[in-house]
Structure formats: structure tokens, C-alpha cells
Amino acid sequence: MTAAVVTGVGASLPQRVVTNEELAGYLDTSDEWIRSRTGIGTRRWVDTGVSTGDLATQAGELALRSAGVDRVDAVVVATTTPDRLCPATAPEVATRLGLTGISAHDVNAVCTGFLYGLASAVGLIAAGNASSVLMIGAETFSTIIDPKDRGTAVIFADGAGALVLRAGSADEPGAVGPLVLGSDGSLADLIQIPAGGSRQRSSGEEAAPEDYYFRMRGREVYRHAVERMAGSAQEALLRAGLTMSDVDKFVPHQANARISVAVGERLGIRPEQTVSNVERVGNTAAASIGLLLAEATATGELRGGQRLLLTAFGGGLTWGATTMVWPDVTAHISSPARPAVALAG
Ligand code: UT7
């Protein structure tokens with residue numbers, strides 16, 4: 001079967017850095033609580049007027065530049081925070097990239113979005129419907145979090161990460177391995193925006209203003225996240241015919257530093273194998289794995305030839321994992337507030 005091979009990686013971060021101290025200025029929280037419970041020190045939030053599509057377009061442009069191409073056959077945008085409820089964000093992103101006319105669609109799997117988006121890109125290539133795909137995970141979670149909810153406002157953040165993939169063979173560096181994906185809709189209420197969708201609108205009832213905000217039952221989500229991320233990671237290794245000893249770097253969705261540690265411990269991963277940027281960028285949901293791949297490539301922590309294990313978990317509930325040998329690529333990152341060369345700190 002034709003494999004999908006990563007040839008470029010890009011990322012975009014909004015300029016505005018939001019510190020824990022800033023949040024503690026209007027929420028009943030503290031830098032100490034946020035750091036010890038989540039590992040987050042700062043996050044980026046967009047300025048007024050900046051949308052998910054803006055970040056996605058910039059990350060997409062940088063990924064295309066990283067791949068050294070200016071055309072692809074399809075654009076996939078994974079997001080929980082589309083520019084509008086309708087239509088999808090991807091067609092407009094494609095047009096802004098000068099790609100009007102090509103296939104373009106959105107994927108929503110909340111924080112597992114990057115891996116579900118990747119599966120969509122892999123599928124387009126494997127079926128012969130596209131020979132190259134730009135896959136972007138992008139979010140502006142700051143636009144949906146309740147500023148008064150300390151349980152979510154301190155965690156979620158904005159950003160975009162993108163990959164360019166082309167048709168190739170499974171033994172090439174950059175080839176995406178078997179993808180393990182799962183879901184459990186019986187737990188949909190754990191992570192949700194109650195209002196604005198057809199269920200609330202068809203009820204004929206007016207929604208309370210706070211029902212338009214993102215909600216998460218954090219403690220319950222935490223438990224499922226550790227179990228599902230570890231379980232899907234093990235299954236992805238098995239399907240690829242690998243064991244943990246074949247893995248060089250662990251690239252988990254940046255939900256919370258404690259979740260990454262707990263999943264790593266279950267998998268028998270050494271702490272130095274785990275790649276992380278949650279301390280600086282928070283939880284960027286569908287963007288998180290793409291952003292992490294780009295940043296860790298820019299700092300040299302990820303290098304061509306290393307075997308990666310990727311896993312994610314999010315609303316739906318949804319989860320997933322895959323493996324790949326990272327290709328020799330140069331990451332392009334737009335981060336005006338802090339240049340890429342300084343990202344390692
Ligand atoms: O991205 C994919 C999906 N999301 C996740 O995977 C996130 C999963 N969940 C988590 O990361 C964690 O559950 C949280 C970071 C959200 C919360 O951490 P926790 O250790 O599970 O705390 P908790 O929800 O059990 O709350 C413990 C206490 C509570 O107070 P009481 O009831 O013990 O008095 C909370 O009200 O901490 C309180 N609390 C806070 N205190 C200060 C909750 N948020 C805050 C806050 N600052 N920001």
C-alpha cells in the first residue's frame with residue numbers, strides 16, 4: 001500500500017504570552033497551583049481579531065516552505081475552534097495559500113484532532129485521491145474558554161502545527177506507521193460546549209450565556225486520558241511490529257505534564273525520551289502534536305532517523321497513536337514574540 005511520508009513541518013504561535021501571574025490576577029488560582037498540577041508556566045493567546053484560520057494559514061505556509069513545495073493536492077484542517085460553525089475552515093485556508101480548487105475539509109476530534117487529521121491525510125494518499133496533502137492542526141481555544149473557569153482557562157491555549165505529506169513507501173524516513181484510533185461517545189459530556197449546536201437549538205430552549213463556553217470534567221478526563229493514551233500507544237507499537245526498545249522519542253499530546261509523565265511511566269519510557277513544550281505553550285488541543293514536532297525539530301531535540309511514538313486523547317471521547325521514523329527536515333516556526341532559536345529554554 002502507498003504510504004504517506006512527512007516532508008515538511010511548520011508551526012505558528014500567536015504573539016501574546018499569557019503568564020500564570022496574569023491569570024492569577026483575576027482567577028482564584030496561583031502560579032504554584034498551575035505549575036504543580038499541569039506543568040504550564042505560560043501559554044499563547046491570540047489578540048483580538050486573530051482566528052484559527054489565520055494561525056492555520058501561517059503554519060501551512062511555513063510547512064510548505066519546509067517541504068520546498070508550493071502546491072499540494074489536498075488540505076486537511078483539524079480544529080475544535082473553526083472560524084465559523086459553517087462552512088469548514090480548510091477551504092478558506094487553502095484559498096489563502098493560493099490553492100483554490102483543491103480538496104479541503106475539516107476534522108474535529110478535539111485534542112486527538114492532529115492524529116485524526118493525519119489519518120485523513122494518510123487515507124487520501126493511500127486511496128490514490130491525493131499524492132500530497134497539507135495537514136494542519138490549529139486552535140484558538142482562548143475564544144471558547146470561560147474566562148471565569150479556573151479549571152480550563154489555565155490549561156488551554158492557541159497555536160497551529162502543520163505537516164506536508166506525499167505518497168511514498170513505508171520504509172522511507174517520514175512514513176507514517178499504522179494509526180490506532182478509538183472513541184467512546186457515551187462519555188461525550190466530559191468535554192463539551194453545551195450550546196450552539198443542533199441539540200440545543202432544536203430544543204427550543206434559550207441557552208445560558210455560559211453554555212456557549214467549553215467545559216471539561218478534568219479529574220475524570222485525566223483518568224481516561226492516561227489509560228487510553230498508554231493503551232493506544234501499545235497497540236500502535238504492536239501493529240507496527242515494534243517494542244518500546246525501538247522507540248527513541250515519545251511525542252504525547254501536551255494535555256498536562258502530569259499526564260505525559262503518567263503515560264510514559266506506564267509505557268516504560270525514560271523521562272529524557274519524552275518531548276514536551278507544555279510549560280511554554282499550554283494545551284493547544286488539535287495543534288499540540290504538530291506544534292511539538294515543529295518546535296522539537298527546530299531546537300534539534302528531534303532529528304532525522306529517530307523513531308517516534310505519538311499518542312493523543314481528547315473530547316468525544318477520542319484517542320489515538322502512531323509511530324514513524326522522523327525525516328531529516330528543517331522546521332519553520334513563526335513566533336514573533338520569541339524566536340525559534342530561543343525555544344529550547
Ligand atoms: O487535552 C485533552 C483533554 N484534557 C485533559 O486531558 C486534561 C485532563 N485533566 C487535567 O489535566 C486535570 O484534571 C486538571 C489540570 C484539569 C485539574 O487537575 P486535578 O489535579 O485533577 O485537580 P482537580 O480537578 O481534582 O481539582 C483539585 C482542586 C479542586 O478543589 P477542591 O475541590 O479540592 O477544593 C479544584 O477546585 O483544585 C481546584 N482547582 C484549582 N485550584 C487553583 C481546579 N483548578 C484550579 C486552579 N487553581 N486553576
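We count residues from 1, following the sequence as given. In each ligand, atom 1 is the first atom listed, and ligand 1 is the first ligand listed.
Considering only residues two or more places apart in sequence or on other chains, E235 meets the side chain to side chain contact (heavy atoms under 4.5 Å, CB included) condition with V180, R239.
Residue contact annotation: L23 has no non-hydrogen atom under 4.0 Å from ligand 1. Residue contact check for ligand 1: M216 places a non-hydrogen atom closer than 4.0 Å to it. Residue contact check for ligand 1: T38 places a non-hydrogen atom closer than 4.0 Å to it.
Not a single N or O atom of S30, backbone or side chain, sits closer than 3.5 Å to an N or O atom of ligand 1.
When the heavy atoms of M229, R219, H224, R228 are ranked by distance to atom 21 (O) of ligand 1, first place goes to R219. The closest heavy-atom contact to atom 9 (N) of ligand 1, among the options S36, A285, G218, A24, comes from G218.
When heavy-atom distances to ligand 1 are checked against a 4.0 Å cut-off, I34 has no atom that comes that close, whether in backbone or side chain. With a 4.0 Å cut-off on non-hydrogen atoms, V110 does not touch ligand 1 at all. Contact annotation: for T29 versus ligand 1, heavy atoms closer than 4.0 Å belong to both the backbone and the side chain. Of the heavy atoms in T152, none comes closer than 4.0 Å to ligand 1.
At least one side-chain heavy atom of V329 sits less than 4.5 Å from a side-chain heavy atom of T297. Counting heavy atoms from C-beta outward, L124 and M135 have side chains that stay 4.5 Å or more apart. Within the 4.5 Å cutoff, no side-chain heavy atoms of T318 are placed close to those of R228. Looking only at side-chain heavy atoms (C-beta outward), V93 and L134 stay at 4.5 Å or farther from each other. Considering only heavy atoms from C-beta on, M216 comes within 4.5 Å of I155 through its side chain.
Within ligand 1, counting atoms from 1 as listed, the ones closer than 4.0 Å to a heavy atom of I259 are 6 (O), 8 (C). In the vicinity of V221, heavy-atom distances shorter than 4.0 Å reach the ligand 1 atoms 3 (C), 4 (N), 5 (C), 6 (O), 8 (C). Interface of F313 with ligand 1, defined as ligand atoms under 4.0 Å from a residue heavy atom, comprises 2 (C). Those atoms of ligand 1 with a heavy atom of N256 less than 4.0 angstrom away are 10 (C), 11 (O), 12 (C), 15 (C). Those atoms of ligand 1 with a heavy atom of R37 less than 4.0 angstrom away are 19 (P), 20 (O), 22 (O), 27 (C). Interface of V154 with ligand 1, defined as ligand atoms under 4.0 Å from a residue heavy atom, comprises 48 (N). Close contacts between ligand 1 and H253 involve ligand atoms 1 (O), 2 (C) [criterion: under 4.0 Å to a heavy atom].
Distance check for atom 28 (C) of ligand 1: every protein heavy atom is found at 4.0 Å or beyond. Counting only heavy atoms, the protein gets under 4.0 Å from atom 6 (O) of ligand 1. Proximity of atom 34 (O) of ligand 1 to the protein is not indicated, since no non-hydrogen protein atom lies closer than 4.0 angstrom. Counting only heavy atoms, the protein never gets under 4.0 Å from atom 31 (P) of ligand 1.
Using the six-membered ring where Trp is involved, F141 and F214 have ring planes that are perpendicular, over 60° apart on the 30 and 60° scheme.
Side chains of T81 and T79: a donor on one and an acceptor on the other come within 3.5 Å.
In this structure, the protein non-hydrogen atom closest to atom 39 (N) of ligand 1 is W33 CZ2, 3.4 Å. Protein heavy atom in closest approach to atom 38 (C) of ligand 1: R150 NH2, 3.6 Å. Distance from atom 14 (C) of ligand 1 to its nearest protein heavy atom, with residue and atom name: I155 CD1, 4.2 Å.
Annotation: the span from Q306 atom CD to W326 atom CH2 amounts to 10.5 Å, rounded to 0.5 Å. Atoms CG and OG1, on L62 and T57 in that order, are 11.0 Å from each other to the nearest 0.5 Å. To the nearest 0.5 Å, the span separating CD on E265 from CZ on R270 amounts to 14.5 Å.
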**OP:** Apply salt bridge (charged side-chain N to carboxylate O under 4.0 Å, His left out) to the pair K148 and E210, showing each step before the final yes or no.
**Re:** CA-CA 10 Å; K148 295 188 298 301; E210 60 269 23; over 6 Å; no

**OP:** Go through L309 and T323 one step at a time and tell me if the side-chain contact (heavy atoms from CB on, under 4.5 Å) criterion holds.
**Re:** CA-CA 5 Å; L309 174 61; T323 58; 3.9 Å; yes

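The 12-atom threshold is not exceeded at CD of E206, counting heavy atoms of other residues, nucleotides or ligands nearer than 6.0 Å.
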